[in-house]
Novice: 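Here's a structure for you.
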Amino acid sequence: MARLPKLAVFDLDYTLWPFWVDTHVDPPFHKSSDGTVRDRRGQDVRLYPEVREVLGRLQGLGVPSAAASRTGEIEGANQLLELFDLVRYFVHWEIYPGSKVTHFERLQQKTGVPFSQMIFFDDERRNIVDVSKLGTEQLG
């Protein structure tokens, strides 16, 4: 069996959900009585359909997950993690503008997991290139 990573790190925008939280939706968010997450304008806000299954599978395998996002809409991103009940999957999150390298350095300090034992999921090539220099495995 292949060696599992010690930490799986996920970007948020266009990785867990199909939008940029700082431009395509309008925080604050709320959960309606039917369980649908909506933005301030009442627009439905959804995850990619596979997200919970992937995070749950990793959790079941004993692989902790973390979030790393460069968004400037920190409050909105955190609110969506709560409303979608994704916080139960993440042991840490680094959500603030700046370099993903900084996010990873802080995750490494918090977890003690070497970069070479982390796997990274992101849709933006520039983030993958930057973080790969640290020695992580990347999927994007």
Side-chain angles (χ1 to χ4, degrees):
M1 183 168 151
R3 178 179 62 90
L4 292 172
K6 299 283 187 203
L7 183 67
V9 183
F10 291 86
D11 174 48
L12 301 178
D13 295 342
Y14 285 102
T15 301
L16 297 186
W17 46 64
F19 52 85
W20 285 314
V21 72
D22 58 353
T23 57
H24 294 144
V25 291
D26 193 13
F29 304 99
H30 68 279
K31 191 178 279 191
S32 64
S33 59
D34 67 1
T36 303
V37 176
R38 293 193 169 95
D39 72 1
R40 177 191 329 236
R41 295 171 291 150
Q43 176 182 328
D44 287 4
V45 179
R46 302 192 187 281
L47 295 172
Y48 284 120
E50 308 84 3
V51 167
R52 285 189 181 90
E53 181 182 349
V54 169
L55 294 172
R57 175 74 64 93
L58 286 166
Q59 191 175 59
L61 291 168
V63 178
S65 295
S69 176
R70 296 173 39 246
T71 187
E73 182 51 61
I74 299 164
E75 188 174 332
N78 281 307
Q79 190 177 31
L80 287 176
L81 291 176
E82 290 279 347
L83 290 171
F84 286 127
D85 195 27
L86 298 182
V87 294
R88 66 186 169 122
Y89 298 110
F90 294 121
V91 294
H92 296 287
W93 43 92
E94 296 289 324
I95 302 172
Y96 45 84
S99 170
K100 288 282 174 102
V101 170
T102 302
H103 294 130
F104 271 78
E105 288 170 342
R106 289 185 180 166
L107 288 170
Q108 197 280 325
Q109 290 168 358
K110 289 177 177 180
T111 64
V113 174
F115 296 122
S116 63
Q117 294 180 21
M118 296 180 187
I119 190 166
F120 179 38
F121 299 87
D122 197 305
D123 65 303
E124 289 192 44
R125 180 99 179 116
R126 64 181 170 161
N127 294 331
I128 293 168
V129 169
D130 287 348
V131 171
S132 69
K133 294 172 186 170
L134 298 173
T136 62
E137 294 290 327
Q138 319 78 37
L139 296 174

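In what follows, residues are counted from 1 in the order of the sequence shown. Excluded from the calculations below are hydrogen atoms, water molecules and symmetry mates; all remaining heavy atoms, backbone and side chain alike, are included.
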Novice: What is the minimum heavy-atom distance between T71 and I74, and which atoms define it?
Specialist: O-CG1, 3.9 Å
Novice: Hey, can you tell me if F84 and W17 have their rings parallel, tilted or perpendicular (30° and 60° cut-offs)?
Specialist: tilted
Novice: Quick one, L81 and Q79 - any side-chain contact, counting heavy atoms below 4.5 Å?
Specialist: no
Novice: Any sub-3.5 Å donor-acceptor pair from H92's side-chain atoms to A67's backbone N or O?
Specialist: no
Novice: Would you say T111's side chain and L107's backbone share a donor-acceptor pair under 3.5 angstrom?
Specialist: yes
Novice: L61 and L4: which non-hydrogen atoms are nearest, and at how many Å?
Specialist: O-CD1, 3.9 Å
Novice: Angle class for the Y96/H103 ring planes (parallel below 30°, perpendicular above 60°, tilted otherwise)?
Specialist: tilted
Novice: Can a salt bridge be assigned to the pair D85 and R52 using a cut-off of 4.0 Å between side-chain N and carboxylate O?
Specialist: no
Novice: Name the orientation class of the two ring planes belonging to H24 and W20 (parallel below 30°, tilted from 30 to 60°, perpendicular beyond 60°).
Specialist: parallel
Novice: Nearest heavy-atom pair of G76 and V21: which atoms, and what distance?
Specialist: C-CG2, 4.1 Å
Novice: Any side-chain to backbone donor/acceptor pair from D39 onto D26? Under 3.5 Å, distance only.
Specialist: yes
Novice: In this structure, are over 12 heavy atoms from other groups packed under 6.0 Å from Q43 atom CD?
Specialist: yes
Novice: Is the side chain of Q117 donor-acceptor paired with the backbone N or O of P5 at a distance under 3.5 Å, no angle test?
Specialist: no
Novice: Roughly how far apart are Y89 OH and S65 OG, rounded to 0.5 Å?
Specialist: 10.0 Å
Novice: Taking atom OG of S69 and atom CG of D122, what is their separation to the nearest 0.5 Å?
Specialist: 8.5 Å
Novice: Which value, rounded to the nearest 0.5 Å, describes the distance between L80 atom CG and E82 atom CD?
Specialist: 10.5 Å
Novice: Does the T15 side chain pair with the main chain of L12, one donor and one acceptor, at a distance under 3.5 Å?
Specialist: no
Novice: Is any side-chain heavy atom of Y14 closer than 4.5 Å to a side-chain heavy atom of Y48?
Specialist: yes
Novice: Atom CG of L7 and atom CD1 of I119: how far apart are they, to the nearest 0.5 Å?
Specialist: 10.5 Å
Novice: Please determine whether a side-chain nitrogen of the Lys or Arg among E94 and K100 lies less than 4.0 Å from a carboxylate oxygen of the Asp or Glu.
Specialist: no
Novice: Is the backbone of V54 close enough, under 3.5 Å, to the side chain of Q59 for a donor and an acceptor to pair up by distance?
Specialist: no
Novice: Closest approach of M118 and V113, non-hydrogen atoms and distance?
Specialist: CE-O, 3.2 Å
Novice: Give, for atom NZ of K110 and atom CD of E105, the distance between the pair rounded to the nearest 0.5 Å.
Specialist: 13.0 Å
Novice: Test F29 against R38 for side-chain contact (heavy atoms from CB on, under 4.5 Å), laying out the working first.
Specialist: CA-CA 6 Å; F29 304 99; R38 293 193 169 95; over 6 Å; no
Novice: Would V87 and W93 count as a side-chain contact (heavy atoms from CB on, under 4.5 Å) if you check the C-alpha gap in whole Å, the side-chain angles of each, and the deciding distance to 0.1 Å?
Specialist: CA-CA 9 Å; V87 294; W93 43 92; 4.0 Å; yes
Novice: Apply side-chain contact (heavy atoms from CB on, under 4.5 Å) to the pair L55 and L86, showing each step before the final yes or no.
Specialist: CA-CA 8 Å; L55 294 172; L86 298 182; 4.0 Å; yes
Novice: Closest approach of F104 and F115, non-hydrogen atoms and distance?
Specialist: O-CE2, 3.4 Å
Novice: Find out whether E75 and P27 are in side-chain contact, i.e. whether some heavy atom of one side chain is under 4.5 Å from a heavy atom of the other.
Specialist: no
Novice: Just wondering, are more than 12 heavy atoms of other shown residues or ligands nearer than 6.0 Å to CZ in R125?
Specialist: no
Novice: Taking all non-hydrogen atoms of both residues, which atom of P97 and which atom of G72 are closest, and how far apart?
Specialist: CG-CA, 3.8 Å
Novice: Stepwise, does the side-chain contact (heavy atoms from CB on, under 4.5 Å) test hold for E124 with N127?
Specialist: CA-CA 6 Å; E124 289 192 44; N127 294 331; 3.5 Å; yes
Novice: More than 12 foreign heavy atoms under 6.0 Å from CZ of R40: is that the case here?
Specialist: yes
